[in-house]
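By convention in this document, chain letters (A, B, ...) are assigned in the order of the sequence lines, proteins followed by strands, and residues within each chain are numbered from 1.
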There are 2 protein chains.
Amino acid sequence: METPPIASIGALVGEPARALMLDALMDGRALTASELADRAGITRQTASAHLARLTDGGLLSLERQGRHRYFRLGGEEVAAVLESLMLLGERRSSAALARPRSPERCARSCYDHLAGRLGVALLDSLDGQGHIETCGTRLLLSPSGEKLFAQLDIDWRSLQHRRRSFARLCLDWSERRHHLAGALGAALLAHFLENRWLVRSGETRALMPTDRGRRGFGEYFEISV
Amino acid sequence: METPPIASIGALVGEPARALMLDALMDGRALTASELADRAGITRQTASAHLARLTDGGLLSLERQGRHRYFRLGGEEVAAVLESLMLLGERRSSAALARPRSPERCARSCYDHLAGRLGVALLDSLDGQGHIETCGTRLLLSPSGEKLFAQLDIDWRSLQHRRRSFARLCLDWSERRHHLAGALGAALLAHFLENRWLVRSGETRALMPTDRGRRGFGEYFEISV
DNA sequence: ACGATAATTCGATGGAGAACGAATCGTGGA
DNA sequence: TCCACGATTCGTTCTCCATCGAATTATCGT
């Protein structure tokens, strides 16, 4: 009896130390092998073996830079799997649901886009103001949406016609609602970070709004943070 | 260092015998403990232990019927996780991609709705003929869609306002495109099976179109199977 | 009431792999 | 050139758990 593909991937995610490393990478940043070892609470040798298996299994991608090795998630599909696993994990352990005021539930990065209450509110805002339309099964910008993104100085045109999906919905594991993912979602989060509407909070995935961000979200999206 | 929730779920899926059992349940049907043991190629005692862990972990739900124990997938979220795992698994092992003519790629059941080329074509048809609309982030039936479902004798009204999402998109792991899921997708597949447009093919997930089905898909959806 | 079948529990065995210490490789800086 | 530091490889130990045989419980049919 041969082992099905889902088992090999499940086994990779199923080891606590590896799961901690994957969790640490869920914010989309790249971390070195040593950093990941510390996050998982194991020695560097052990982490090295784990990272080799994860990379070999396609869950991580590796970038060498000098004597450092930077690891990041292998792609959108990997992030999607981890998101759905978190969604399923939350359903049972009501522990995290019991603290709905945690910074991570307010706003966090999910791979390369925005999640949490702010992420959901953002999609609601784009949707409610008619900035996004659906052409068949695809999400597109409406004329008013195109105008909004031009005001934000986001070059949405360059995001189209790429292999990656322009815009898609991602189910938020903490809010149980959709937020915006895909190239457009990634561009938005990048914009928020570049312009310091949001700043990363230490080593967690949490994102804290700045005063400038509060003004921006109110002005452009009618969201009061 | 505590084990994160995703690790416990990953470990459940990561065992080959358990993965085979989950895979066997992906068609949405309920199977007995003995049937699952045979599918996984293990003894009943071992299967019993595995099934207890899967049920305890929320991946399976259990229904007692006399001296039989019927197991089925724990819910839509579980099916979603397994689907995304398959999607990720296919990306690496090009083995299955090399045989695009397999019956399972033509048409199969994905939890409780239709997947494969036929599932994708069905969504394309509904979409292309304007039978479905998107109200914000939700999928809804258009007036013409309501009419079509009435012709098919599917009581779509009773599917609304339930806890389960009325209609949603599910990413097809073999076609890399969306097909229709949610309550509406489940009702459609149920209709196809009840009216024998499609019949199950042995113990696999594959679905074979009948002559009546070929006529029906052509007449109502303009799909030539 | 009594066998027959489904399923579970218990106990023992074995193997896979996670962990770490020590040594080695590779790159960058002085 | 030599040292410092990040990362890997090797060998060993040890824990976890999948597996099965045997016995037990539960339910159906007669």
Does the distance from a Lys or Arg side-chain N to an Asp or Glu carboxylate O, for [X] and [Y], drop under 4.0 Å?
X        : Y        : answer
A:Asp124 : A:Arg177 : yes
A:Asp155 : A:Arg157 : no
B:Arg105 : B:Glu175 : yes

- Message: The criterion is ring pair (Phe, Tyr, Trp, His ring centres under 6.0 Å); which residues satisfy it with A:Phe217, sequence neighbours excluded?
- Response: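 Checked A:Phe217 against ring pair (Phe, Tyr, Trp, His ring centres under 6.0 Å); matches are A:Phe192, A:Trp197.
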Dump the pairs, protein N or O against N or O of nucleotides 8-10 of chain C, anything under 3.5 Å, distances to one decimal.
unit_1	atom_1	unit_2	atom_2	d
C:dT8	OP2	B:Ser48	OG	2.6
C:dT8	O5'	B:Ser48	OG	2.9

Tell me the interatomic distance from [X], atom [atom1], to [N], atom [atom2], rounded to whole angstroms.
X       : N      : atom1 : atom2 : value
A:Tyr70 : C:dT27 : OH    : P     : 16 Å
A:Arg53 : C:dG17 : CZ    : C1'   : 7 Å
A:Arg64 : C:dG28 : CZ    : C1'   : 17 Å

- Query: Rounded to the nearest 0.5 Å, how far does CG of B:Leu25 lie from CZ of B:Arg205?
  - Reply: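 That separation rounds to 10.0 Å.
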Solution key, residues 69-77 of chain A side-chain donor-acceptor pairs under 3.5 Å, sequence neighbours excluded:
unit_1	atom_1	unit_2	atom_2	d
A:Arg72	NH1	A:Gly28	O	3.2
A:Glu76	OE1	A:Arg164	NE	3.3
A:Glu76	OE2	A:Arg164	NE	3.4
A:Glu76	OE2	A:Arg164	NH2	3.3
A:Glu76	OE2	A:Arg168	NH1	3.0
A:Glu77	OE1	B:Arg91	NH1	3.1

- Toward the 5' end of DNA chain C, by each residue's nearest nucleotide, A:Glu15 or A:Gln65: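 Result: A:Glu15.
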- Query: Got a sec, which residues hit side chain to side chain contact (heavy atoms under 4.5 Å, CB included) with A:Leu171, two or more places apart in sequence or on another chain?
  - Reply: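 For A:Leu171 the side chain to side chain contact (heavy atoms under 4.5 Å, CB included) partners, ignoring immediate neighbours, are A:Leu87, A:His178.
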- Item | First-last contacting nucleotides on DNA chain D - partner chain A, under 4.0 angstrom, heavy atom |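 Contact span on the strand: D:dA4 to D:dT9.
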Please tabulate, for the side chains in residues 44-52 of chain A, all donor-acceptor contacts under 3.5 angstrom to protein atoms that are two or more places apart in sequence or on a different chain.
unit_1	atom_1	unit_2	atom_2	d
A:Gln45	OE1	A:Thr43	OG1	3.1
A:Thr46	OG1	A:Thr43	OG1	3.1
A:His50	ND1	A:Arg18	NH1	3.0

- For B:Ser34 and C:dT5, is the shortest distance between a side-chain N/O and OP1 or OP2 below 4.0 Å?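 No, no such contact exists.
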